[in-house]
Amino acid sequence: MRRRLRGGKGEKYMDKIKMTTPLVEMDGDEMTRILWKMIKEELLTPYIDLKTEYYDLGLKHRNETDDQVTEDSAKATKKYGVAVKCATITPNAARMTEYNLKEMWKSPNGTIRAILDGTVFRTPIVVKGIEPCVKNWEKPITLARHAYGDVYKNTEIKVPCAGKAELVFTAKDGTQTRETIHEFSGPGILQGIHNTDKSVSSFAKSCFNYALDTRQDLWFATKDTISKKYDHTFKDIFQEIYDEEYKDKFEAAGIEYFYTLIDDAVARVMKARGGFIWACKNYDGDVMSDMVSSAFGSLAMMTSVLVSPDGVYEYEAAHGTVQRHYYKHLKGEETSTNSVATIFAWTGALRKRGELDGSKELMAFADKLEKATLQTIEEGKMTKDLALITSLEDVTVLNSENFIREIRNTFETL
């Protein structure tokens, strides 16, 4: 199939880029679902003979399939090795009513992470005219977030009265280990959290592999001085795996791994120049990734990739479904929604697919589309959220669709 490049008298025809192996495509919800369709129609299918195995992870379809579609999409990702995902709704009580749900389905991201046993890597998209709040940050800082356990799989009790709280582990042979948590003199609260050596090991290997893949230094931080068993186990597992499997590889690549306390890491990162990976436990990574993305400019300008220890990749935007803009869109009102992170989810997946399949043409396309996206912004053509924070003058604010079309115009001039 041949395509026509726009450009009046200078029109020319080129073959579409072929794909050998499909991507797993996970469609999503609300305004990001609208952008998803626009991106495919304007920026992808005119240039690529796009092959995807499609899964509809929109909340309505997840409800219809009892969320089986989410599990199926994750299993397909394990099969094909690369996926690209649109933002999806994690329902709350209001969504239960709005979508007439059978039950309050779990986070699709959480389900996919559990099946892939993956680690989430989030990196700001740096562009001229959107300056970091931390002036010495010259390169992106990538947050590696452990995606299992801790407070996200906690068990909680509201203590009603005075009494003794104990932590009890019963082995399969019936033997018990007991520790007193607290002697309550009145009402209070309890929380139990857990993790597994297997999950922490997978987290460590994903971080080490990603550092080697991107040739960046790796930091890891917990609070082992206070949590002398829980956090210290994270520290020990990281160090053991590094010493046994990765030390020589890191030295050969000229990159560094080091451990520090989480409070020290926070102080260091504020004075750093960037260009490294910062690995955090689940909650720390949740909080710090939002801090880093906001300090670099916008959550809409942050990539997110889930990487499993056996080399499976799932790319998505770091932000949500942009509910407010979707409701405006349904009323027929104009929106100016930033699609950059969703575009970069596609380019990340296409580049990785090209890398794994040996398709330099597909990799070059991904690079070119990213360049066109950033160049469009640097030329002063952007969505409203960026116009409010840019240092550029006399910028043009574009609506959602026209911004994507402007990127296509820029792409065809490169």
Side-chain angles (χ1 to χ4, degrees), residues 25-46 50 52 54-70 73 83-112 290 293 298-304 315-346 373 376-377 381-389 395-409:
E25 178 186 350
M26 306 174 186
D27 209 344
D29 288 298
E30 297 189 318
M31 196 63 206
T32 46
R33 189 182 181 98
I34 305 299
L35 297 176
W36 195 260
K37 186 172 183 288
M38 291 181 189
I39 290 165
K40 288 177 67 177
E41 291 177 349
E42 285 287 334
L43 301 179
L44 302 179
T45 54
L50 192 63
T52 71
Y54 178 87
Y55 293 87
D56 184 358
L57 266 59
L59 185 53
K60 181 181 177 182
H61 192 242
R62 278 185 276 145
N63 189 59
E64 291 170 353
T65 64
D66 294 336
D67 210 28
Q68 183 62 44
V69 65
T70 305
S73 70
V84 59
K85 180 181 174 295
C86 184
T88 47
I89 294 169
T90 299
N92 55 17
R95 298 295 201 174
M96 286 281 291
T97 303
E98 180 181 359
Y99 284 85
N100 192 27
L101 300 181
K102 300 173 187 175
E103 64 178 80
M104 199 176 294
W105 304 110
K106 295 179 181 178
S107 160
N109 289 341
T111 299
I112 294 165
D290 279 6
S293 65
S298 169
L299 192 59
M301 297 288 287
M302 194 170 202
T303 64
S304 182
Y315 294 82
E316 63 179 325
H319 58 72
T321 57
V322 202
Q323 180 185 19
R324 183 172 58 85
H325 285 200
Y326 179 61
Y327 290 161
K328 289 182 65 177
H329 172 80
L330 291 179
K331 293 177 184 177
E333 298 176 13
E334 187 174 89
T335 65
S336 182
T337 314
N338 191 332
S339 53
V340 172
T342 305
I343 292 169
F344 272 59
W346 274 103
T373 303
T376 299
I377 296 169
K381 292 166 278 191
M382 61 190 71
T383 47
K384 185 177 179 181
D385 63 313
L386 297 183
L388 292 172
I389 60 174
V395 300
T396 301
V397 178
L398 300 170
N399 66 28
S400 306
E401 191 169 4
N402 286 343
F403 177 62
I404 291 171
R405 286 177 174 166
E406 198 61 51
I407 291 171
R408 179 171 177 173
N409 290 336

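- Rounding to the nearest 0.5 angstrom, the gap separating the CG atom in Leu388 from the CE atom in Met382 is 10.5 Å.
- You'll find the side chain of Ile377 reaches within 4.5 Å of the side chain of Val340, heavy atoms only.
- Taking the side chain as every heavy atom from C-beta outward, Leu59 and Leu101 approach each other to under 4.5 Å.
- No side-chain donor-acceptor contact under 3.5 Å links His325 to the backbone of Met31.
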Exercise for the section: Start with the C-alpha distance between Arg95 and Asn92, add both sets of side-chain angles, then the distance that settles side chain to side chain contact (heavy atoms under 4.5 Å, CB included), and finish with yes or no. Expected result: CA-CA 5 Å; Arg95 298 295 201 174; Asn92 55 17; 3.2 Å; yes

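- Closest of all the heavy-atom pairs between Thr376 and Ile407 is OG1-CA, 3.6 Å.
- Between Ile343 and Ile39, the shortest heavy-atom distance links the atoms CG1-CD1, 3.7 Å.
- Put simply, the side chain of Ser336 does not reach to within 4.5 Å of the side chain of Asp385, judged on heavy atoms.
- Scanning both residues, Thr70 and Asp67, for their nearest heavy atoms gives OG1-OD1, 2.7 Å.
- Put simply, NE2 on His329 and CD on Glu334 are 12.0 Å apart, with the number rounded to the nearest 0.5 Å.
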Problem - Intermediate values then yes/no, side chain to side chain contact (heavy atoms under 4.5 Å, CB included), Asn63 and Tyr99 - result: CA-CA 9 Å; Asn63 189 59; Tyr99 284 85; over 6 Å; no

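- Atoms SG and CG, on Cys86 and Asp56 in that order, are 10.0 Å from each other to the nearest 0.5 Å.
- Contact check on Asp29 versus Arg62 returns a salt bridge, with a Lys/Arg side-chain nitrogen under 4.0 Å from an Asp/Glu carboxylate oxygen.
- Checked by atom type and distance alone, the side chain of Ser400 pairs as donor or acceptor with a backbone atom of Thr337 at under 3.5 Å.
- The shortest non-hydrogen separation linking Phe403 to Lys381 is CE1-O, 3.6 Å.
- Between the side chain of Thr342 and the backbone N or O of Ala317, no donor-acceptor pair lies under 3.5 Å.
- The closest side-chain heavy-atom distance from Trp346 to Leu50 is below 4.5 Å.
- For Lys102 and Asp66, the salt-bridge test passes: some basic side-chain N is under 4.0 Å from an acidic carboxylate O.
- Listed here is the closest heavy atom pair of Ile89 and Glu30: CD1-CD, 3.7 Å.
- Rounding to the nearest 0.5 angstrom, the gap separating the NE2 atom in His61 from the CD atom in Gln68 is 11.0 Å.
- Residue Thr303 holds its OG1 atom at 9.0 Å from OH of Tyr315, rounded to the nearest 0.5 Å.
- Distance check, rounded to the nearest 0.5 Å: CZ of Arg408 to CG of Leu44 gives 10.5 Å.
- Of the candidates Arg33, Met26, Glu25, Leu57 forms a side chain to side chain contact (heavy atoms under 4.5 Å, CB included) with just one, namely Met26.
- Summarising the geometry of Pro46 relative to Glu42, their closest heavy-atom pair is CG-O, 3.7 Å, with the distance given to 0.1 Å.
- Between the side chains of Lys85 and Asn109, at least one donor N or O sits under 3.5 Å from an acceptor N or O.
- A donor-acceptor contact shorter than 3.5 Å is absent between the side chain of Thr321 and the backbone of Thr32.
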